[in-house]
Amino acid sequence: IELIRSRLDRKVTLPDIARDLNVSPSRLRHLFAEEVGLPFKTYVLWQRLQRAVQLQSTGNLTNAALSAGFADAAHMTRTFRRMLGMAPSAFTRE
């Protein structure tokens, strides 16, 4: 989890994390889902969204999206809507 969080500003892949932990990607996929309760990719997206929301409160949406590892603000907004059912701006106002 710490490896994922430390790399959110760039591409985070299961094979890269598995290599750094000296386990096979398939074993990490299984262990991760079992221990965390979410698939690896879903967890990474949740972490990116969380980081972007934290950063958005101190700056603008584009910078927050890029710092959280999204391609751009539109990519973050689409992901946010898909996963939470609302725009990031609506979330931060509540």
Nearest-0.5 Å distance, [atom1] of residue [X] to [atom2] of residue [Y]:
| X | Y | atom1 | atom2 | value |
| --- | --- | --- | --- | --- |
| L61 | D72 | CG | CG | 9.5 Å |
| R51 | F70 | CZ | CZ | 11.0 Å |
| T79 | L49 | OG1 | CG | 6.5 Å |
| L84 | W46 | CG | CH2 | 4.5 Å |
| D20 | R7 | CG | CZ | 4.0 Å |

* Asked: K11 and D16: side-chain contact (heavy atoms from CB on, under 4.5 Å), yes or no, with the steps?
  -> CA-CA 10 Å; K11 188 173 183 176; D16 289 344; over 6 Å; no

* To do: Without swapping roles, check the side chain of R48 against the backbone of M76 for a donor-acceptor pair under 3.5 Å.
  => no

* Please answer whether the main-chain N or O of A64 pairs with a side-chain N or O of S67 as donor and acceptor at a distance below 3.5 Å. => no

Over all atoms of both residues, closest heavy-atom pair of [X] and [Y]:
| X | Y | result |
| --- | --- | --- |
| F40 | T13 | CE2-C, 3.8 Å |
| L38 | F32 | O-CD2, 3.5 Å |
| T62 | A73 | OG1-CB, 3.8 Å |

Do [X] and [Y] have side-chain heavy atoms sitting under 4.5 Å apart?
| X | Y | result |
| --- | --- | --- |
| Q47 | I1 | no |
| L45 | R82 | yes |
| R27 | H30 | yes |

* To do: Treating Ile, Leu, Val, Met, Phe, Trp and Tyr as nodes and any side-chain heavy-atom pair under 4.5 angstrom as an edge, say whether L8 and L66 lie in one connected cluster.
  => no

* Consider only side-chain heavy atoms of I, L, V, M, F, W and Y, link residues closer than 4.5 Å, and tell whether L31 and I4 are in one cluster. => no

